[in-house]
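In this text, all values refer to a predicted model and were calculated from it rather than measured experimentally.
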Amino acid sequence: MAELVMKLYEAAVKKVPNSEEYHSHLFMAYARVGEYKKMQQAGMALYKIVPKNPYYFWSVMSLVMQAISAQDEKLSKTMFLPLAERMVEKMVKEDKIEAEAEVQLYFMILERLGKYTEALEVVRGKLGEKLTSEVQSRENKCMSLYRKLDQWPECNALSRKLLLKNPDDWQFYLSYFDSVFHLIDEAWSPPEQGEHCTEGHVDSAVDQAIKFVEDRIAGEDSKDSRHLRGPYLARLELIKRLRQRSSSEERELGNPLDLMFEYFVKFGDKPCCITDLRIFVDLLEPDQYVQFINRLTETVPLSTQAEDALAQPADIKSLQRHLCVVQLSRLLGMHHSLDTEHKLHLIEELKARYLYGLKFGKSCLKTELQFSDMYCLLAAHVLVDFWKETGEERHLWQCLGLLEEGLSNSPSNAQFKLLLIIIYCRLGAFEPIVDLYSSLDAKHIQHDTIGYLVTRYAEPLGQFAAASQSCNFSLRFFHSNQKDTSEYIIQAYKYGAFEKIPEFIAFRNRLNNSLHFAQVRVERMLLDLFLEANILSSLEENVRSMGLCPEEDDIPWKEMQDNRDLTVLVSWDPKSRQLSEEDRWLSLEEEILWLRIRSLTLRLIATLATPSHPVEPKNSEKAAENGVASKNDTLHELLRQLEVALEGGKRFVERKVQYHFLGPPSTRLTSAFASGSCQCQASAFRLVVDVHDLDISGLDDTTEVQERLGNSFKDLIVQLKDIRNKCESDLFEIRDGQNKTKPAALENLVFFTETVCIILWVSSYCSCILRPLKSNLQKKKKKKKDANTPTPAIFTNYQEYISALQLLISEVLDHIKGLETNLTALKLDSLSLEDHTLSEAEKKFKKMVREKVQSSYQRSLQEMAELLKKRLDTVKGLKI
Amino acid sequence: YGIPFYLQYLAHWPEYFIVAEAPGGELMGYIMGKAEGSVAREEWHGHVTALSVAPEFRRLGLAAKLMELLEEISERKGGFFVDLFVRVSNQVAVNMYKQLGYSVYRTVIEYYSASNNEPDEDAYGKKALSRDLDKKSIIPLPHPVRPEDIE
């Protein structure tokens with residue numbers, strides 16, 4: 001479409017060469033498809049017809065875009081950018097610069113060329129006066145240049161000036177401190193006379209920095225109105241930096257414990273207090289933790305109503321203060337170091353505080369959070385700790401009940417929903433996630449950033465319909481992104497928002513190269529092949545409609561972007577238990593390994609669809625000459641890659657990587673290897689090579705191949721049985737009144753089901769090859785009337801294999817039926833169980849979560865049974 | 001809002017897009033807006049399209065700071081006033097805007113109703129900038145209007 005528009009306007013300008021309108025449409029048509037070179041020319045052509053500045057600068061910007069998109073950085077720096085620079089300089093010399101956008105563009109070019117001094121001259125000079133739209137546009141640009149040019153006196157003086165104006169602008173504290181320490185290291189001293197530098201007064205010693213910060217604080221302290229957080233946090237930041245330099249002068253600012261205490265007294269009733277302080281808790285020594293928390297606690301006004309009742313806050317502010325203390329103690333590891341008894345006590349206390357605090361939020365709207373919600377979440381976190389330490393599942397169940405209760409009181413609390421999602425999935429129950437996730441109302445970009453929470457679990461837990469749907473949601477978002485961005489790139493040209501153009505393109509690329517995008521693409525196609533496709537007839541059609549080409553790898557492995565928001569679940573865990581950079585890298589490595597295996601699986605299935613011999617087999621040399629890779633080559637190459645990927649996967653599994661509970665979910669890699677499904681699927685694909693050989697060479701000279709095939713069939717059944725054996729156990733039991741789940745058995749059932757689907761595609765291919773061979777043989781026999789020629793064993797082997805497959809699937813179907821019966825029986829059983837220690841609400845939610853999990857298991861079993869029944873029918877049609 | 005909506009604002013009024021970040025890197029809030037209207041009719045003005053502060057960073061004066069910046073940008077562009085829509089039922093926001101010097105210029109009936117099927121009134125608030133010396137732009141309209149009557 002876009003190409004047609006381009007052609008249309010190319011023809012139009014040929015016909016009416018002086019039309020401003022057609023030329024500008026042509027420019028936009030090129031912009032839509034990113035034809036930067038043509039845009040550059042079209043812009044100039046326009047300018048020649050109508051000498052308006054914007055047209056000239058469209059052309060310049062298109063040069064910049066050529067520089068940005070060029071593979072060869074040298075070419076950018078030596079050709080495109082200098083040319084763009086000269087074009088702008090020409091206008092500058094002729095005094096023709098009119099708009100702010102033009103200066104912005106000039107700045108962009110100089111910056112990209114690394115000509116920072118020149119850029120600084122522009123910003124500070126006459127042209128810079130045009131930079132007025134953005135708040136502090138000139139200042140921000142100068143600041144970034146001073147830093148790049150190591151002009152620390154100017155950087156310092158400017159930061160200082162800006163902080164005097166707004167003592168709450170955090171970024172300038174950072175540049176102020178950076179510059180002070182650079183100046184100290186350089187032993188810079190101010191000139192004896194006159195201004196310190198072009199930006200004014202410079203602070204170049206620690207005592208000056210201390211005084212500067214303390215003056216800002218004094219300013220705040222003397223105010224009657226609301227205090228700003230910046231100056232107080234800046235003091236802590238300065239201590240942090242002095243400590244990094246092992247400077248004893250930090251003492252002059254005070255003791256961090258006292259200062260953090262002071263901060264808490266000032267801002268403890270604000271929910272952000274914990275966020276602000278958490279970046280500075282490292283300033284405390286471990287042996288100060290208890291003292292620190294005790295001191296904070298003492299300031300929180302709590303009062304007891306009855307003799308041995310828990311002291312509670314009288315208002316929301318006190319509640320918030322107390323909450324902050326609890327969050328800080330968790331952050332300092334004080335929850336983790338408790339023994340069992342104290343932990344239990346803590347959980348009860350947090351629950352009590354949560355319930356008590358609900359009274360402050362009686363008038364809250366449904367869209368607002370309850371003031372005491374965080375107590376509930378903290379109790380949930382401690383329960384998860386408990387489960388981690390003891391392995392006792394009941395803590396997770398209790399946690400689920402508590403969070404469901406919390407959610408019923410505070411239906412908009414996203415953190416409750418997210419944690420519920422993680423825990424339900426840990427227990428193998430995906431069904432509750434559908435409603436939870438949809439009530440999160442994830443929008444647009446969030447499909448990319450948190451979509452993984454859903455797509456990671458739906459399919460592996462046997463909820464195929466939900467899996468397809470969640471992939472579709474994500475895919476719809478990614479596909480519209482491509483369309484959306486080009487339109488706004490054009491608008492950015494129109495309005496001269498040149499700085500935004502590379503940003504829009506980077507944004508588009510970031511989404512196109514998204515790990516999640518690649519994953520949902522592959523999984524969506526695999527799901528289609530597992531669920532929808534008619535294995536007996538429609539592989540070619542499916543592969544074609546998916547646009548799947550086995551030779552082509554459309555996943556941008558090298559540019560892969562991990563856009564997952566891995567800290568979407570809030571946590572006050574101590575640093576050692578928080579998501580680390582290493583976790584991020586490991587998780588990405590793991591995701592990529594698994595994606596590689598899945599994408600190769602997909603492409604290998606696709607090879608089964610491509611015609612066996614596009615040219616006559618004898619002319620295969622010719623075919624190679626013509627550049628047509630034969631099916632055999634593709635197959636071998638993909639198999640080789642699969643071996644490498646599996647080897648990589650295996651090595652990763654051996655490392656036994658574990659992430660924190662709230663960290664990234666691990667992939668299916670480990671369980672796939674444990675189930676044996678990876679290995680089994682690979683064996684199935686390996687077998688295709690021999691079948692292909694048989695297809696090319698016929699029955700006569702392939703005794704060895706046939707023998708090998710016979711063994712491979714047998715081996716495949718053995719491997720499948722192994723997977724089956726790993727799903728034998730019950731999924732759900734109630735033992736001593738406690739729920740016990742075996743999510744691994746469910747996952748293995750899914751692996752079994754997926755593997756059966758893949759094996760059937762392979763078997764279908766086998767039947768396509770063997771069937772004509774068999775009928776030819778029979779025809780020959782009839783002709784020769786020679787009934788004594790023995791029929792090669794391969795046919796019997798194949799038939800036996802199909803029968804064994806049939807039997808195996810029936811057995812698993814029976815097993816699933818048994819599991820379903822057990823679940824139903826348990827449902828009735830559990831009705832009679834009552835725990836008298838629980839409150840009414842606890843009973844209610846305990847029952848609710850158990851029912852949800854049981855119902856989810858039932859659905860998973862049903863979906864798998866349905867699919868396996870379908871596949872059982874398929875097997876019947878595969879006999880020859 | 002969908003991504004196209006944000007991209008449109010970024011392409012047209014990038015200067016009107018401001019985010020506030022906490023020292024730890026958390027996003028505290030953002031404001032987005034635009035400049036529009038005829039200069040000749042003295043209707044050239046800044047408009048607040050969205051203002052949002054994360055729950056844990058509320059009650060810190062952040063919204064006021066972001067509004068101040070948006071007003072500053074509108075001043076520089078020579079706007080006569082800044083305007084915005086706010087749901088009447090959103091009392092917290094209505095009070096905040098009043099404190100910041102905004103007055104109800106007119107109410108629009110059922111402006112937001114499409115989204116929640118509940119009839120609601122929408123206040124159309126305005127604040128005059130320094131260019132409008134006589135504060136002509138903010139003389140309130142006597143009667144409520146329907147959404148189709150707004151240009």
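Contact annotation for Glu72(B): only side-chain heavy atoms (C-beta onward) come within less than 4.5 Å of a heavy atom of chain A. Interface remark: Tyr173(A) contributes no atoms to any contact with chain B (heavy atom separation under 4.5 Å). For Glu100(A), no part sits under 4.5 Å from any heavy atom of chain B, backbone or side chain. Contact annotation for Phe477(A): only side-chain heavy atoms (C-beta onward) come within less than 4.5 Å of a heavy atom of chain B. Residue contact with chain B, scored on non-hydrogen atoms closer than 4.5 Å, is absent for Thr567(A). With a 4.5 angstrom heavy-atom cutoff, Ile279(A) touches chain B only via side-chain atoms.
Under the 3.5 Å distance criterion, the side-chain polar atoms of Arg76(B) are left unmatched by any main-chain donor or acceptor of Val135(A).
With a 6.0 Å radius and a threshold of 12 heavy atoms from other residues, nucleotides or ligands, Lys223(A) has its NZ atom above the threshold. Shown here is Lys317(A), whose NZ atom has no more than 12 heavy atoms of other residues, nucleotides or ligands within 6.0 Å. Within 6.0 Å of atom NZ in Lys135(B), more than 12 heavy atoms from other residues, nucleotides or ligands are found, so the atom counts as buried in its surroundings.
Taking NZ of Lys65(B) as the start and CG of Asp169(A) as the end, the distance is 8.0 Å to the nearest 0.5 Å. For the atom pair Glu15(B) CD and Leu131(A) CG, the distance stands at 12.0 Å (nearest 0.5 Å).
For the set Ala492(A), Pro271(A), Cys273(A), Ser137(A), the count of heavy-atom pairs under 4.5 angstrom toward chain B peaks at Pro271(A). Ranking Glu26(B), Gln8(B), Met28(B), His12(B) against chain A, the residue ahead of the rest is His12(B), based on heavy-atom pairs under 4.5 Å. Contact count against chain A (heavy-atom pairs under 4.5 Å) is highest for Gly2(B) among Gly24(B), Gly2(B), Ala22(B).
Across Ile73(B) and Ser133(A), no two heavy atoms sit closer than the pair CG2-O, 3.8 Å. Taking every heavy atom of both residues into account, Arg229(A) and Leu60(B) meet most closely at NH1-CD1, 3.6 Å. The two residues Pro14(B) and Lys500(A) have their closest heavy-atom pair at CB-CE, 3.5 Å. Residues Ala497(A) and Ala11(B) come closest through the heavy atom pair CB-O, 3.2 Å. In terms of heavy atoms, Arg59(B) sits closest to Arg226(A) at O-NH1, 3.1 Å.
Among Leu7(B), Ile3(B), Leu10(B), the one residue that satisfies the side chain to side chain contact (heavy atoms under 4.5 Å, CB included) test with Tyr488(A) is Leu7(B).
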